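For the numbers below, each heavy atom of this structure counts, side chains included, while hydrogens, waters and symmetry mates do not. Residues: numbered from 1 along the sequence shown. This one's a predicted model, so the numbers in the text were calculated from it and none came from an experiment.
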Amino acid sequence: MMAVPASNAPRIALIATLMTLTAIATDAVAADAAPVARYASDPAKSTLEFQFMQAGAQNKGKFTKLPTTLDFSPDNLAAGKLDVTVEVGSLDTGDKERDDTLRGTDLFAVTKFPQARFTSTQITRTATGYDAVGKLTIRGVARDTHVPFSFRTVDEQGKPVGYLTGKTTIKRLDFGVGQGDWKSTEWVGADVTVSYSLRLVPAPSGSH
């Protein structure tokens, strides 16, 4: 076997490096091309709960109507998308008077702003699961928001079903939820903890 001239060694090493990088890039493209499943929320088994402090006591409630779609594949996060619409009028804290106050013009102003919405622009992997980054709109105010979540799929009666869970904290005043006396955080805290647990089933073919 002929010896490789020393002067050619750096060139050969460079070629080998380029071939390795090309192989990695090819694998990455193949991963990005992985098919993405589309899921839709199961209304009967999906919940969005919130907690806040009022007069030193913790209060909680839930939204019962939150149609959600998720495009997802752990091997193709670039094509993933999370879209959640919350019917704000569906809020329920177990106290009618408090519910009416929350729906009123100084807080959620449901008549003018009947829906809140989160639409992701990117989904990334984290140490504990995933992070959906996008715009959260409440009372017509849109803010960049992170929605961390975990996701798993199980086979139920021969169909893949997804379970998405997570928790995050938002500041109500960032979205104008608190006008007049309700702007004060003396009685109602600024932070609202939001917890979500969704059962997601395969979306009908052609749905968007």
Item to check | Partners meeting side chain to side chain donor-acceptor pair (under 3.5 Å) with Gln179 (sequence neighbours left out) | outcome: none

Next on the checklist: Any side-chain to backbone donor/acceptor pair from Ser46 onto Pro43? Under 3.5 Å, distance only.
Outcome noted: no

Next on the checklist: Looking at Gly61, is its backbone amide N or carbonyl O close enough to the side chain of Thr93 to form a donor-acceptor pair, meaning the two atoms are under 3.5 Å apart?
Outcome noted: no

Item to check | Closest contact, heavy atoms only, Gly178 versus Leu173 | outcome: O-CD2, 3.9 Å

Using residues 143-158 as the side-chain source, report each donor-acceptor pair under 3.5 Å to any protein atom, sequence neighbours left out, with the distance given to one decimal.
unit_1	atom_1	unit_2	atom_2	d
Arg143	NE	Asp174	O	2.9
Arg143	NH2	Asp174	O	3.1
Asp144	OD1	Lys135	NZ	2.8
Thr145	OG1	Arg143	O	3.1
His146	ND1	Asp131	OD2	2.6
Ser150	OG	Thr165	OG1	2.8
Asp155	OD2	Gly158	N	3.3
Glu156	OE1	Arg199	NH2	2.5
Glu156	OE2	Tyr163	OH	2.7

Next on the checklist: Restricting to non-hydrogen atoms, name the atom on Leu136 and the atom on Phe175 that form the minimum distance, rounded to 0.1 Å.
Outcome noted: O-CE2, 3.3 Å

Next on the checklist: I'd like to check the side chain to side chain donor-acceptor pair (under 3.5 Å) partners of Glu49; sequence neighbours left out, ordered by chain and number.
Outcome noted: none

Item to check | Shortest non-hydrogen contact between Phe63 and Val88, atoms and distance | outcome: CE2-O, 3.6 Å

Item to check | Side-chain donor/acceptor of Thr137 to backbone N/O of Ala142, under 3.5 Å | outcome: no

Next on the checklist: Can you confirm whether Asp181 is buried at CG, in the sense that more than 12 heavy atoms of other residues, nucleotides or ligands lie under 6.0 Å from that atom?
Outcome noted: no

Item to check | Thr121 (side chain) donor-acceptor with Val133 (main chain) under 3.5 angstrom | outcome: yes

Checklist entry - Any Lys/Arg nitrogen of Lys96 or Asp99 sitting under 4.0 Å from an Asp/Glu carboxylate oxygen of the other? => result no

Checklist entry - Can a salt bridge be assigned to the pair Arg172 and Asp191 using a cut-off of 4.0 Å between side-chain N and carboxylate O? => result no

Checklist entry - Any sub-3.5 Å donor-acceptor pair from Arg103's side-chain atoms to Leu91's backbone N or O? => result yes

